[in-house]
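Sequence lines set the chain letters: A, B, ... in the order given, protein chains first and strands last, and positions in each chain run from 1. Keep in mind that this is a model prediction, so the values were computed, not measured.
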Amino acid sequence: MEIEVEEKEGFNVVSPVGELDVYTVPLFRKVVLKLEGDRKHDLILDLTRLTFIDSSGLGSLIEIYQKMNAAQGEIAYVIDNPRILKILKLVELDKVFRLFSNLGRALQHVGATGGYVDEEFFSDHT
Amino acid sequence: MEPTHCNGSNERLALDLSCRGKGVFRYKKPLDEIRSEVKRFAVSQGFSLEVEDITLAVQEACKNIIQHARPVDGKMHVECRVSDGRILIEVSDNGRGFDVGVLEHDIASPMAIYGRGIKLMKGLMDEFGITSGREGTTVRMEKKRS
């Protein structure tokens, strides 16, 4: 797995490329939790280039969510792969995470208050 | 790592995989092999849309063995067969076992960091069952061919 990190419009955008599983989670945690110490920026996890996720990968997304919340930071997830979305829905994380179908929407809406956006897209992929 | 034994035929796939090793590297080889072998078998039996669900469920069962079971023989055993349009899978070990009663009231909440594998397997497969005792643990799963 490769992990790309960039700063966009005041956000840290982290894009894991490949598989997020029990084998690659340690690297992913290391990269993201290091950024978590950077309180200047909220975080967007761009998961559009993720090809596979297992329960360990899901656990790492939750851990990051909890740490960002504890630091009163914003966090959002970009997902356009129906397969990854299905896995999140099976464990009901779609009800917890702020999900967006593309990075542009996430950059536009993170920081705004209110519920989840892209409800039509996500309801189409069960 | 000990060599893997694989006995594949048109009707049945049997894998004995070592789960000894250190750190995250103990996961890489067996889980990659499980995924490729189970996928190959399922595809050969006419499964298509269900293959990703099946392989992930088997991986989760095997991951639990590597993480928790401590098998006496250091191995996990995977058996797949097809009957009446359903793939029947058994994943077993002869490790220390656990009290399956905890699963009835301890399925991971959405925000728990651990314990999500069982919930995932239940959701991915049509049938799921688990038995465990002093002689080890067996997970049985089924998925219907669409």
Side-chain angles (χ1 to χ4, degrees), chain A residues 1 3 16 18-33 36 45 47 50-71 75 77 79 81-99 116 122 125-126, chain B residues 1 19 21-36 38-39 48-69 76 91 103 106-126 128 139 141 143:
Chain A
M1 181 178 70
I3 302 172
E19 302 185 349
L20 184 59
D21 61 11
V22 65
Y23 184 66
T24 58
V25 156
L27 173 64
F28 181 66
R29 285 183 74 251
K30 187 176 177 183
V31 170
V32 179
L33 295 180
E36 188 267 334
L45 294 180
L47 307 179
L50 212 57
T51 57
F52 179 84
I53 190 166
D54 71 355
S55 62
S56 300
L58 293 171
S60 71
L61 298 185
I62 292 163
E63 181 185 13
I64 293 161
Y65 174 91
Q66 291 176 330
K67 287 187 181 295
M68 286 298 292
N69 272 4
I75 180 168
Y77 303 78
I79 298 176
N81 180 339
R83 175 71 196 166
I84 303 294
L85 184 61
K86 174 182 175 176
I87 302 299
L88 261 70
K89 285 190 170 187
L90 283 176
V91 294
E92 301 177 277
L93 287 175
D94 60 309
K95 297 174 183 172
V96 179
F97 291 168
R98 259 191 117 180
L99 304 177
Y116 305 107
F122 292 113
H125 294 88
T126 55
Chain B
M1 185 171 283
C19 52
K22 290 185 178 177
V24 294
F25 297 103
R26 70 189 189 277
Y27 296 103
K28 182 66 176 164
K29 185 171 182 291
L31 294 186
D32 281 354
E33 187 163 347
I34 285 162
R35 195 194 306 187
S36 64
V38 171
K39 181 177 182 178
S48 56
L49 297 175
E50 311 84 3
V51 170
E52 296 298 320
D53 288 350
I54 293 166
T55 54
L56 178 54
V58 176
Q59 275 190 253
E60 290 293 337
C62 291
K63 188 156 68 85
N64 279 342
I65 295 175
I66 297 171
Q67 286 177 323
H68 307 298
M76 47 194 167
V91 180
L103 298 178
D106 196 29
I107 292 296
S109 72
M111 296 311 291
I113 291 175
Y114 299 108
R116 200 160 288 96
I118 298 279
K119 193 170 184 175
L120 211 47
M121 285 185 269
K122 282 185 172 179
L124 291 166
M125 303 297 280
D126 296 330
F128 174 87
V139 171
M141 302 181 281
K143 185 86 170 177

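Within 6.0 Å of the CZ atom in A:Arg83, the count of heavy atoms belonging to other residues, nucleotides or ligands exceeds 12.
Atom CD1 in A:Ile87 sits 5.0 Å away from atom CG in B:Leu124 (nearest 0.5 Å). Annotation: the span from B:Glu52 atom CD to A:Lys86 atom NZ amounts to 10.0 Å, rounded to 0.5 Å. To the nearest 0.5 Å, the span separating OG1 on A:Thr24 from OH on B:Tyr27 amounts to 12.5 Å.
For a residue to count as touching a neighbouring chain, one of its non-hydrogen atoms must lie under 4.5 Å from one of that chain's; by this rule B:Ile66 does not touch chain A. For A:Ser56, the parts lying under 4.5 angstrom from a heavy atom of chain B are both the backbone and the side chain. With a 4.5 angstrom heavy-atom cutoff, A:Leu61 does not touch chain B via any of its atoms.
Under a 3.5 Å cut-off, the side chain of B:Glu60 and the backbone N or O of A:Ser55 do form a donor-acceptor pair.
By the 4.5 Å heavy-atom criterion applied to side chains, B:Leu120 and A:Leu58 are counted as neighbours. Between B:Gln59 and A:Phe52 the shortest side-chain heavy-atom distance falls below 4.5 Å.
Ion pairing between A:Asp21 and B:Lys28 fails under the 4.0 Å rule for side-chain N and carboxylate O.
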Problem set entry | side chain to side chain contact (heavy atoms under 4.5 Å, CB included) between B:Leu56 and A:Ile53, intermediate numbers included | CA-CA 9 Å; B:Leu56 178 54; A:Ile53 190 166; over 6 Å; no

For this session: Start with the C-alpha gap between A:Leu90 and B:Lys122, add the side-chain angles, then the distance that decides, and say whether side chain to side chain contact (heavy atoms under 4.5 Å, CB included) holds.
Result: CA-CA 9 Å; A:Leu90 283 176; B:Lys122 282 185 172 179; over 6 Å; no

